[in-house]
Amino acid sequence: MIFDEVISFRVARGGAQARYGGDPDLTAFGKIIGGGFPVGATAGRAAVMDVFDPNTSGPRIASGGTFSANPISMVAGLVTLRALDDRAFDRLADMGARLRGRLNEVFRKMGVPGHVTGTARCSSSS
Amino acid sequence: MQNGEAQLTGEKRVGIAKVSLPALDIHTLGAGGGSIARVAGKILHVGPESAGADPGPACYGRGGTAATVTDANVVLGFLDPGNFLGGRIALDAGAAQAAVAAIARQFGTSAIAAAEGISKVVNTNMAEGIRIVSVRRGVDPRRFTLVAFGGAAGLHVMEVARLLEIRRVVVPNVAAVLSAWGMLATDLRYEMVRSHVSEASRMTPAGLRRILLQMEAEGRERLTGFSGEIAVRRSLDMRYGEQIFEISVPIDGVDLAAQDVIDDVVARFHRRHEELYAYSAPGQEVVIVNARVAVIGKLPELRAEPQRAESRGPVTPTRRRVYLGDWTEVPVYKLDGLPPGLQSQGPGHLRVAHHDRADPSERARVGDVARLAGHRAGLTDMGANRFAAPGSASARLFAEASTLIPGGTSKANFNVRPHPLYVTSGRGARVTDLEGVERLDCINNFTALIHGHAYPPVIRAVTEQLERGSAFSSSTPEEIELARELVARVPGVERIRFGNSGTEGVMMAIKAARAYTGRDRIAKFEGAYHGYYDDVQVSFSSAAPAWGGADEPASLPSSGGLVKHRVEETLVLPWNDLDNTERLLMRHRGEIAAVLVDPLSNRMGFIPPAEGFSRGSGRSRARSASW
């Protein structure tokens with residue numbers, strides 16, 4: 001199983017898999033782990049991730065882009081994640097709940113046929 | 001007017017005849033200075049009968065005896081009898097008083113109470129007229145600016161705005177003669193309509209092109225002799241096959257030469273339908289009924305008379321008693337004498353050469369000339385919509401962008417009409433657009449900026465790193481530091497490899513799963529977006545009727561340019577439906593390299609997995625090691 005945590009990684013310190021469970025073999029990342037600079041990542045259990053290791057036997061995956069792991073994205077991501085302690089996630093959850101509550105209230109008041117759904121640190125309107 | 005555009009209608013009536021030609025959508029009321037007050041059945045009515053200009057209101061002293069709105073305004077002190085039409089007509093305050101008193105007697109009340117009643121009724125009539133063109137059409141008038149024009153507009157606009165809860169009122173300095181001024185300022189415009197009823201699927205790109213270009217040529221022919229800039233606006237009246245009413249779909253910006261022009265037009269129809277009625281039905285047949293082309297000869301902008309720049313002495317008002325529920329003395333200013341930018345501190349009276357203007361409101365502000373000229377184009381002037389005005393900096397930038405970048409942007413922008421917003425800077429959760437409007441940014445570069453824009457610790461770290469170099473062929477220590485952080489945080493991560501985008505992260509995970517299992521097929525959930533790698537651009541925006549059964553969603557391409565058999569290779573699973581997911585996976589066991597899961601799918605409103613769903617998928621995998 002592959003978890004796409006490109007967006008959902010923002011729901012908790014350990015991502016959605018820490019919050020909702022699931023135990024994926026592989027996880028894809030992006031967005032916040034680059035601190036505002038272009039980034040993506042593929043991660044997972046060591047046994048599976050070994051397919052990227054050119055020094056082991058078996059089918060190998062050729063990869064590695066010109067700007068992969070460039071130090072700008074790396075330091076920006078690192079500073080961003082270090083500032084995201086449990087308190088920061090609590091604050092995000094509060095702000096998200098407040099935003100959803102207030103938006104739904106505005107929709108109701110103005111008679112807009114809309115609804116804001118979401119959880120913790122993600123909101124979506126429809 | 002919405003977003004600076006005058007609305008057109010094809011539903012105007014002359015007498016009992018409906019005229020299906022495009023006309024400015026104007027709702028006319030019989031409520032003005034000459035409207036006559038009368039009592040019928042113990043109820044006070046004002047208008048629509050009018051005393052006109054001759055004999056006119058009783059106070060004109062030309063033989064009129066009926067009480068009019070103007071007479072009431074004289075009684076209330078809103079009109080200065082000595083300064084009507086810049087002092088060219090002296091009003092007979094006694095005649096106004098006598099006419100209004102005649103109404104008062106029928107109710108056994110005072111003249112002042114009757115005058116107040118007349119004023120209230122006419123204001124309510126005006127507010128009701130605005131409700132007819134706004135609230136009854138599902139438009140909230142509070143989002144708009146109310147523009148007052150005509151001789152007596154300034155006397156009533158504040159009260160009408162209050163009744164409608166409109167917070168912003170504009171009284172142009174040419175308000176008294178705005179219609180005449182508009183005739184001089186407006187562009188030359190020819191509107192052409194041609195009926196051509198056809199199902200969109202039967203219309204060829206060449207056919208559509210021919211009709212539109214013929215109409216355009218016809219319009220240009222009519223402007224022969226005009227040497228200025230010519231603009232062309234195109235729209236189609238369209239409807240769903242089973243409907244009887246068309247909606248107007250603007251198709252400006254559609255590339256008529258493109259082979260998929262019909263698809264583009266149909267897509268715009270669906271979007272417009274959704275904007276108007278909150279839903280669309282992409283599977284349904286769409287019918288094109290009329291083609292409309294407007295050919296516009298642009299005349300140079302007519303500037304309002306510039307206010308003199310030299311500084312004047314202090315603004316000294318005269319004072320006058322007016323009736324605002326009680327007799328109150330208010331300052332009276334001459335509008336022409338007020339410097340731009342001035343804000344009043346309380347109730348006041350503004351007087352201009354054209355007329356006398358009462359403004360018994362909280363605050364008035366004298367706008368500068370440029371501002372009033374700007375209102376000619378965009379009367380709504382909600383700050384938030386400034387970018388959408390036809391002449392805005394954003395509009396000009398987008399026009400150029402469209403000649404350089406297909407669709408004008410490399411980003412998957414939000415559906416902002418008529419063109420995207422351009423942002424010049426951001427700080428924290430706020431961004432400032434090209435028009436200088438500050439906005440709360442709830443998306444922060446598609447959730448990537450969890451600390452908001454220009455987060456100082458990131459700026460510091462990146463600036464330091466830039467000094468040392470931005471990218472190398474070799475590995476750097478920073479890669480290992482970020483890897484360490486993520487391995488420590490995430491339960492399922494023992495090893496990690498970096499790329500440049502989330503799409504790449506998903507793509508490499510899929511390739512890893514294939515290499516590891518020796519299988520080809522990927523399973524994903526319906527409605528989940530995973531970036532733009534071919535195997536996952538499948539069924540994230542499925543729609544009826546092609547979307548298949550709820551228990552077995554169809555594999556549909558969510559983009560052009562995909563390989564058909566690869567789309568079919570991707571197995572689509574129903575989200576939060578453990579039984580059917582297990583059943584589908586069992587049916588295809590031995591074929592699936594990986595099940596791709598977004599535990600909090602943004603395209604589905606971040607609805608979390610049902611209790612045990614993601615764990616369940618894991619269990620079913622463990623139970624049948626064979627898939």
Side-chain angles (χ1 to χ4, degrees), chain A residues 1-4 6-8 10-11 13-18 20-24 26-33 35-36 38-46 48-49 51-52 59 61 63 65 67-72 74-81 83 110 113 117-119 122 124 126, chain B residues 140 278 442 446-451 457-458 461-462 465-466 470-471 475-476 478-479 481-482 485-486 489-506 508-513 515-516 530 594-600 602 605-609 614-615 617-618 621:
Chain A
M1 181 158 54
I2 302 171
F3 262 27
D4 177 347
V6 172
I7 292 176
S8 67
R10 64 173 11 244
V11 301
R13 209 172 169 280
Q17 54 195 269
Y20 299 110
D23 189 24
L26 289 165
T27 302
F29 295 101
K31 310 277 190 204
I32 71 167
I33 70 159
V39 82
T42 307
R45 293 195 285 121
V48 185
M49 288 296 289
V51 297
F52 289 106
I61 293 179
S63 75
F67 295 100
S68 292
N70 75 77
I72 300 289
M74 297 297 108
V75 297
L78 189 64
V79 167
T80 293
L81 293 186
M110 310 288 285
T117 59
T119 179
C122 298
S124 172
S126 53
Chain B
D140 186 347
C442 291
F446 299 96
T447 74
L449 296 159
I450 197 163
H451 296 296
V458 166
V462 166
Q465 181 60 45
L466 273 173
S470 61
S475 296
T476 63
E478 288 76 20
E479 176 183 359
E481 283 186 68
L482 185 57
E485 181 76 25
L486 282 159
R489 278 176 177 245
V490 189
V493 172
E494 296 169 353
R495 302 281 188 276
I496 188 162
R497 204 180 154 86
F498 293 102
N500 293 306
S501 68
T503 288
E504 223 178 282
V506 169
M508 296 315 293
I510 287 172
K511 288 189 179 178
Y516 184 76
H530 295 287
V595 179
L596 183 58
V597 182
D598 183 340
L600 213 57
N602 69 314
F606 294 113
I607 295 164
S614 49
R615 264 182 283 269
S617 309
R621 175 198 57 203

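Quick note on labels: first sequence line is chain A, next is B, and so on, each numbered from 1. What you see is a predicted model; the values in this text were computed from it and never measured.
Contact tally against chain A (heavy-atom pairs below 4.5 Å) for B:Leu449, B:Asp140, B:Ile510, B:Val493: the top residue is B:Val493. For the options B:Ala461, B:Ala471, B:Cys442, B:Pro491, heavy-atom pairs under 4.5 Å to chain A are most numerous at B:Pro491. Note on A:Gly35, A:Ala46, A:Gly65, A:Gly77: by heavy-atom pairs under 4.5 Å with chain B, the leading option is A:Ala46. Listed options A:Ile33, A:Val48, A:Asn70 were ranked by heavy-atom pairs under 4.5 angstrom with chain B; first place goes to A:Val48. If you tally non-hydrogen atom pairs under 4.5 Å between each of B:Ser475, B:Gly492, B:Ala513 and chain A, the highest count goes to B:Gly492.
In this structure, the side chains of A:Thr80 and B:Ile450 come closer than 4.5 Å at one or more pairs of heavy atoms. Residues A:Ser63 and B:Glu504 are not in side-chain contact: their nearest non-hydrogen atoms beyond the backbone lie 4.5 Å or more apart. Put simply, the side chain of B:Thr447 does not reach to within 4.5 Å of the side chain of A:Ile32, judged on heavy atoms.
For a residue to count as touching a neighbouring chain, one of its non-hydrogen atoms must lie under 4.5 Å from one of that chain's; by this rule B:Asn500 touches chain A with backbone and side chain alike. Looking at A:Leu26, the atoms closer than 4.5 Å to chain B (heavy atoms on both sides) all sit in the side chain, from C-beta outward. Heavy atoms closer than 4.5 Å to chain A are found in the side chain of B:Glu485, but not in its backbone. If you measure heavy-atom distances from B:Leu486 to chain A, the contacts under 4.5 Å come from the side chain alone. In this structure, the portions of A:Met74 lying under 4.5 Å from any heavy atom of chain B include both its backbone and its side chain. The parts of B:His530 that come within reach of chain A are both its backbone and its side chain, each placing non-hydrogen atoms under 4.5 angstrom from that chain. Only the side chain of A:Ile61 comes within less than 4.5 Å of a heavy atom in chain B; its backbone stays farther off.
Residues A:Pro71 and B:Glu478 come closest through the heavy atom pair CB-OE1, 3.9 Å. Of all heavy-atom pairs between A:Gly14 and A:Ala18, the closest is O-CB, 3.5 Å.
For the 3.5 Å distance criterion, the side chains of B:Gln465 and B:Ser470 fail to qualify, holding no donor opposite an acceptor.
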Going through the checks in order, is the side chain to side chain contact (heavy atoms under 4.5 Å, CB included) test met by A:Val11 and B:Leu600? CA-CA 9 Å; A:Val11 301; B:Leu600 213 57; 3.1 Å; yes

Check the pair B:Arg495, A:Phe52 against side chain to side chain contact (heavy atoms under 4.5 Å, CB included), reporting the backbone distance first and the verdict last. CA-CA 10 Å; B:Arg495 302 281 188 276; A:Phe52 289 106; over 6 Å; no

